[in-house]
Structure formats: structure tokens, C-alpha cells
Amino acid sequence: MCFSAASSLNLQRFVGTSGMHRYRSHTCGALRESDIGKDVRMSGWVHRVRDHGGVLFIDLRDHYGLSQVVADPDSPAFKAAEKLRAEWVVRVDGKVRRRPSGTENPDLPTGQIEVYITEIEELGPAGDLPLPVFGDQEYPEEIRLKYRFLDLRRDRLHANIMKRGAIIDSIRRRMKDGGFFEFQTPILTASSPEGARDYLVPSRIHPGKFYALPQAPQQFKQLTMIAGFDRYFQIAPCFRDEDARADRSPGEFYQLDIEMSFVTQQDVFDAVEPVLRGVFEEFGGGKPVTPKFPMIPYAVAMREYGTDKPDVRNPIKMQNVSEAFRGSGFKIFANILAADPKNEVWAIPAPGGGNRAFADRMNSWAQGEGQPGLGYIFWREGEEGGAGPLGKNIGLERTKQIADQLGLKVGDAVFFAAGNPKNFVKFAGTARTKVGEELNLIAKDRFDFCWIVDFPMYEFNEEEKKIDFSHNPFSMPNMEPEDFLKLDPSDSEKILGMKAIQYDIVCNGIELSSGAIRNHRPDVMKKAFAIAGYDEEVLEEKFGGMLRALSLGAPPHGGIAPGIDRIVMLLCGEENLREVVLYPMNQRAEDLMMGAPSEVSPKQLRELHIRLNLPDKK
RNA sequence: GGGGGCGUAGCUCAGUUGGUUAGAGCGCUGCCCUGUCACGGCAGAGGCCGAGGGUUCGAGUCCCUUCGCUCCCGCCA
């Protein structure tokens, strides 16, 4: 065991002039050939015992590494050593000696030496382990979380957590070098109407009123800019009461929260991009990092990748091939196109997928996803006109038109999605990813970043039949304020077509963060909310403080907030946030180790003026 | 709230078309072993097969219900 991120510990200060430190003269990763002959003292966990009867080896482990300690029947500590079991914490005194020739362990930094034990002290015996620390077997989440401290002793998790700390150190340093200053903002704050469900904290002093934990320090960081501090950052805890995913912790997570005054979108990009690139180059294990993050407009991302968080390591780009099918012999698509001018046929090229087995596999995958199927054409030797039922239906000329448009040749295939893009774009994006994975087209071992820009400001809410903010209501509309203020409800075309100065950073298909140039003008803010159907009283009630601040000298400002946990996850090569969070909750937002959430006493409830009204148990 | 997967020894898993006494590895207990580093050898303990109900002469296995974990959808500006 040797934790990659662990450095050695200077133990000089532990050693008094009168003799040895109570627990150790050296850590378990410190001893080398140059220490041979020294009397040493180490403390740590019994990692592994190998008992040969006459000679007994113990791997002693601590945060810094692993040393082999040895006892034989001549040692006064032999009897004590025979008693030791895995994960007992012991102090060992002994003499460092060279391992006999041929028994060195080149896999260990301490593998040239061993410590011959003269004395053992039990510091912390351990009972039967619910979760063995030794080995790399997988264990159920429930046990891992309940005994998190045992799981954390294991090499991989221990190294991930150390790496997380190093990454955060590096981020802080880079931010400070970039002229940013770190602030702390309140944890107990006011509930905010937009966004996710809040975590609420009842107020004892104000019966019936509640604090909310911040979903993000969004308003605070903007207020900090209005307060004139110019460049803010914080490794900020954020709390959202929403359901978990593998890459989304329930309850709480951390963001690198950033805000800047007097900036354009490009200024934010220029400040953030080097920090992220630098961190990924420093901790990415040598994997190449995008040298200059490309900017992809939201509409282009949706059209070419079928998602607003494209994995651009996958080279496949989708195209509109409606013209090849309009009025063609393939009646299903021809009819779809004729039915509504909004309908389109999109092609998902699959270079190298030109065989029936693959096409059929994709087709049945699509059916498993709840689709009627996935139309395809493929080209193989001797069938340059295209094979598959769909190709036969539309004929040679149209097939060739599709191949030419997409640059496909013999050995390739193409899949199709048809209908209103609004309805199939998500599935098309999934199919694009599936094709890339199946054909091994995704360049692993890279960190491919991109900016997604020009998000729509508004969207039409089909359920409520009204215009809604499509993202953050605090974003600045990308329109001259004078023109924006003149907008009329009848300009719905213009309103739904307009963009916000809002952007995302995406790495390898994972959304790392979202940001915006903020709307710092109260008149534009009022208008923006009016368009979404909120009158001034609502705005005043929910965002009164913010509105007042904007009215008393607010600088143009903007920012972004990359997710720390997801950054660490990518850099540790982990698929699940629980592998990079010290004490995570399970998917149902329970802390199995501490027993949270828990019931509280009637007295506590009385003080808070709260009476429970629990759902009926079946 | 909805869908998929999983649930058998402390842990990881196997368990045939339903058939007698449910197996293996790791761990644990005991014995043997002086150069291992996933040490080795022998012996042993350890099971409400997640729970409840049903079908059957007979259920770990088939059916229904339910609970737990997990992944996904919804949700997450």
C-alpha cells in the first residue's frame, strides 16, 4: 500500500532528547536501506499476517505506506505477534534490517528492508470485520457506507480523498493567482422560489418561519459584486432536496463558485478556462486536455449531438437528411415529412458499422428503449447501393445522396430518426452515444472540453401553455436592453427565439457547470419576469432584496460554478460520486453511519412549534 | 412517483427442466509449517436461501405481494 497523494511526515519533532516518541519514530512508509541498523518505533494497522509457524510476517500499514515487520520464536514479542489479527492498531518496536537476499519486494518502497520486532503494544484491537480492508474485492454499498471508516482505509478510496484535497488546493491557488478572493456566505438563509426543492430549517425564535440551506450562493455572490469586491470565489457547499444520480449527490455537494464584475462572457471564459485546463493537466494522469475549448451554440449541440452536454470525444455528428426522404418510396418517412413542416429526418452516421449484425443489434436496442425501431442503411462490398430494407425502398440515387452528404462508404452504416425533432432529439442523442460506444469510436483517455453557449432565454411550457424561463431567471437577455424593454407579448416568436447570455462547460459528456452574465438592470429584470408572467409584486416579494441592490448601483457582472465533485470524479476516473466524497449519503439521502436523518425529541419539536403530521403507514 | 437489475454463510459468488443432506473462495476457530508478501497444508464452526403469502407430494428454483440496495426516467435554474 502506498497512497499516491500522501507525502512523508516529518517526525523529527516527535522525538525528544530523552528517547523515543510515545507512538512512533518513523511512519510505515518511511524506512529505506539507509535506515538499516536503526532501532525504530512504528504504529499502524495490521494489514496482513503471514504466519509460517517459525517465522511470522506482519504488514503494518498507516497513511504513509506499508512496512513488513517480522517475528520469530527468538523474539520476546513472538507470542504477542501470534495474537494479532487484521486491522488491530499496534505499536511495534524493533530493529531495521536488510531482507535476506532474494526475498526483497520490489513492489514496495520499503521492500528492501524489514523490522525485526522486539516489542508489541496493542493500541486498538479490532473485532470481526464486516468489511475486509485487505484486497480489492467489491462490497455492497450499504455495508461500505455504514462502515465508511473501514472502506476509507482501503487504498483506492483513501487515495481518491487525498487527491480530492490536492485538487481543491490547486484550484484555490490558481484562483488566487488569477486575482480572485475567497469569501464565505451564509448557510442559513432564505428559501428561494426558483430551482430545486429547498432543505428547510425551522426557526425557534420565529414560530412558523424557516431558514433554507442555499441551493447555491447565487444571490450572495451577486450581492458581493454589487458590494464592490470585483472577483469572488468560494468552494461552496450547496444543498438541494432532489433525487440522487450516480453523478449527483443527494442533499449536498460542492461548487467552485465564481463571480466577476465588469465582464463579458469572454472574460469569464478567459478566467475559468485556464484554471480547469491547468487542474486537468496537473491531475489528469497525462491524458490530453483540450488546448482551446471550442464554443458550440446550444442549437448546434442539439442538432449535431442530440444533447446540450455532448461528449465530443465521440466524432459522430448527426445531420438533417429530410430531403433524401421527402416524396420517396419509403412511405413511413415520406408521410411523416408531409404531415407537418416541422418534422424532419435525422441521420446518425455509423462509420465501420456496415454489417447486418450491428444494424440489427442497434434496432433491437432501440426497441428496448421503447422506440418502434431504428431504420438503417448499410453499405458492404458488392452492394454499393446500400443494403437493408430502407435502402431498397428509396432507391439508388437517394441512397447515394445520403452517403455523399454524410461522407459514408462501403463498410459504414447510417441510422435514422424521424418526426418532430423536439420529440426525438433526446433519443437520437442516446443512439449517437450508443453507436459511438458499440463501434469503439469514443477516444477514451482524453479530457475533451467545450463551452455550450447561446442558450434560449425562454421556452414554451406545454403543460401550462405559457412562456417560462428556460434556465436561470437572473441571466441577461442577449438583446439590446432598449429593444428588450419594447417587447410585446405578441412578439412570442421573437421572445422564444431570443438567447440568454448563459453558458455551460461540458467535459467528456458531463456537465461541469453552468454560468451566465447576470441581469443587473432592474428595468430589464422586471421586464424579463413580466414576459414569464410574473407581475411586479411577485418579483418584489421573492427577490425584493436583490432588486433593491440592483437599483443602488450594480456593476455588470457574471460568473460560473463548476461542480467540484464531478471534477474530482473525472480526474479519479470514477463513475460514482460516492467514490470521491469522504462521507456520502446513500441514494435515499441517508447517512447510514451517523444515522441521519433521525427522529428528534418531543422537547425539540415543541421548542420549534412543530407538530408532526406523518403519512399513514400501510 | 414510475421502470430495470440485484438480494443464498461475516464478505464475494455458484446452485441444472422444481427432487432427498444447499456448495466454493475469502474471512473465522483449532492444529502443522523458519522467508512469505493473494504464503501453504489438514480439520472445523458458520445458512429463516431478504420477508410474507400461494401453486405443488415436494420450492433457493414457479406465481403474487412486500422490504432493502442500486441504476435510470421524472426531478435537479
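Just so it is clear, the structure is predicted and the values come from calculations on it, not from any experiment.
Salt bridge status for A/Glu511 with A/Arg248: absent, with no side-chain N to carboxylate O gap under 4.0 Å. Under 4.0 Å is where a charged nitrogen must lie from a carboxylate oxygen, and between A/Asp128 and A/Arg85 no such pair does.
Between the side chains of A/Asn160 and A/Glu574, at least one donor-acceptor pair of N or O atoms lies under 3.5 Å.
Look at CD on A/Glu142: it is 6 Å from P on B/C69, rounded to the nearest Å. Counting to the nearest Å, the C1' atom of B/C33 and the CZ atom of A/Phe78 are 11 Å from each other. We find that CZ of A/Phe134 is positioned 17 Å from P of B/U12, with the value rounded to whole Å. For the pair A/Gln502 CD and B/A77 P, the interatomic distance rounds to 11 Å; values are reported in whole Å. In this entry the distance linking CD1 of A/Ile560 with P of B/A77 reads 15 Å, nearest Å. Straight-line distance from the CD1 atom of A/Ile117 to the P atom of B/U34: 17 Å, rounded to whole Å. If you measure from atom CG of A/Leu150 to atom C1' of B/G27, you get 14 Å, rounded to the nearest angstrom. Distance, A/Arg50 CZ to B/C37 P: 7 Å, rounded to whole Å.
B/U34 and B/G41 have their C1' atoms separated by 16 Å, with the value rounded to a whole Å. Taking the P atoms as reference points, B/C49 lies 12 Å from B/G10, given to the whole Å. One C1' atom belongs to B/C28, the other to B/G35, and the distance between them is 26 Å to the nearest Å. Using atom C1' as the reference point in both B/G47 and B/U8, the two lie 8 Å apart (nearest Å). Nucleotides B/A43 and B/G4 place their P atoms 47 Å apart, quoted to the nearest Å. Between B/G53 and B/G30, the two P atoms lie 41 Å apart (nearest whole Å). Using atom P as the reference point in both B/G58 and B/C13, the two lie 34 Å apart (nearest Å). Rounded to a whole angstrom, the distance from the C1' atom of B/G18 to that of B/U12 is 27 Å.
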query = What's the verdict on side chain to side chain contact (heavy atoms under 4.5 Å, CB included) for A/His26 and A/Asp35, showing C-alpha distance, side-chain angles and the deciding distance?
reply = CA-CA 10 Å; A/His26 294 76; A/Asp35 297 301; 4.3 Å; yes

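The side-chain contact (heavy atoms from CB on, under 4.5 Å) check on A/Asn613 picks up nothing, with sequence neighbours excluded.
Here the side chains of A/Met546 and A/Leu223 are in contact, with some heavy-atom distance below 4.5 Å. No side-chain heavy atom of A/Ile560 sits under 4.5 Å from any side-chain heavy atom of A/Phe269. Contact of the A/Trp45 side chain with the A/Val89 side chain is registered, since non-hydrogen atoms from C-beta on lie closer than 4.5 Å.
Among the heavy atoms of the strands lying under 4.0 Å from A/Ser470 are primed sugar atoms or P, OP1, OP2 only; no base atom is included. Residue A/Ile143 is in sugar-phosphate contact alone, with no base atom involved, counting any heavy-atom pair closer than 4.0 Å across all strands shown. Among the protein residues, A/Phe469 comes within range of no part of the nucleic acid, since none of its heavy atoms lies under 4.0 Å from any strand. Within the 4.0 angstrom heavy-atom criterion, base atoms lie near A/Asp51. Within the 4.0 angstrom heavy-atom criterion, no nucleotide atom of any strand lies near A/Glu87.
Relative ring orientation between A/Phe57 and A/His52 is described as perpendicular, the plane-to-plane angle rising above 60° on a 0-90° scale split at 30° and 60°. Ring-plane geometry between A/Phe455 and A/Tyr298 is classed as tilted, the angle between the planes lying from 30 to 60 degrees on a 0 to 90 degree scale.
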Show me the protein contacts with nucleotides 2-8 of chain B, counting only N or O atoms at under 3.5 Å.
none

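One distance of note links NZ of A/Lys221 with CE of A/Met260; it measures 11.0 Å at 0.5 Å rounding. Put simply, OH on A/Tyr232 and OG1 on A/Thr185 are 4.5 Å apart, with the number rounded to the nearest 0.5 Å.
Applying a 4.0 Å cut-off to non-hydrogen atoms, the residues of residues 94-104 of chain A that approach RNA chain B are A/Arg97, A/Arg99, A/Pro100, A/Thr103, A/Glu104, listed by residue number.
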Donor-acceptor contacts under 3.5 Å from residues 521-537 of chain A side chains, at least two apart:
from     : atom 1 : to       : atom 2 : distance (Å)
A/Arg521 : NE     : A/Asp523 : OD1    : 3.3
A/Arg521 : NH2    : A/Asp523 : OD2    : 2.9
A/Lys527 : NZ     : A/Leu487 : O      : 2.6
A/Asp535 : OD1    : A/Glu537 : N      : 3.4
A/Asp535 : OD1    : A/Val538 : N      : 3.3

note = Heavy-atom contacts, protein to nucleotides 71-76 of chain B, under 4.0 Å, summarised as B (base), S (sugar-phosphate only) or - (none) per nt, yield BSBBBB

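Stacking between A/His52 and the base of B/C33 is absent under the criterion of ring centres within 5.5 Å and planes under 30 degrees.
Taking all atoms of both residues into account, the shortest heavy-atom contact from A/His158 to A/Arg153 is ND1-CA, 4.3 Å.
Under 4.0 angstrom from either OP1 or OP2 of B/G68 there lies at least one side-chain N or O belonging to A/Arg588.
For a distance-only test at 3.5 Å, the side chain of A/Gln218 qualifies as a donor-acceptor partner of the base of B/A77. You'll find a donor-acceptor pair under 3.5 Å spanning the side chain of A/Asn105 and the base of B/C37, going by distance alone.
Distances were taken from every side-chain heavy atom of A/Arg48 (C-beta onward) to each of B/U34, B/C26, B/G30; the shortest belongs to B/C26.
For the pair A/Ala216 and A/Val70, nearest-nucleotide mapping onto RNA chain B gives the more 5' position to A/Val70. Nearest-nucleotide assignment on RNA chain B puts the 5′-proximal partner with A/Ala86, out of A/Gln68 and A/Ala86.
Between the side chain of A/Ser75 and the backbone N or O of A/Ile117, at least one donor-acceptor pair lies under 3.5 Å.
Not less than 6.0 angstrom separates the ring centroid of A/Phe183 from the ring centroid of A/Phe220.
Counting only Watson-Crick and G-U wobble pairs whose two key distances fall under 3.5 Å, RNA chain B forms stems of three or more stacked pairs at B:1-7 with B:67-73, B:10-13 with B:23-26, B:28-32 with B:40-44, B:50-54 with B:62-66.
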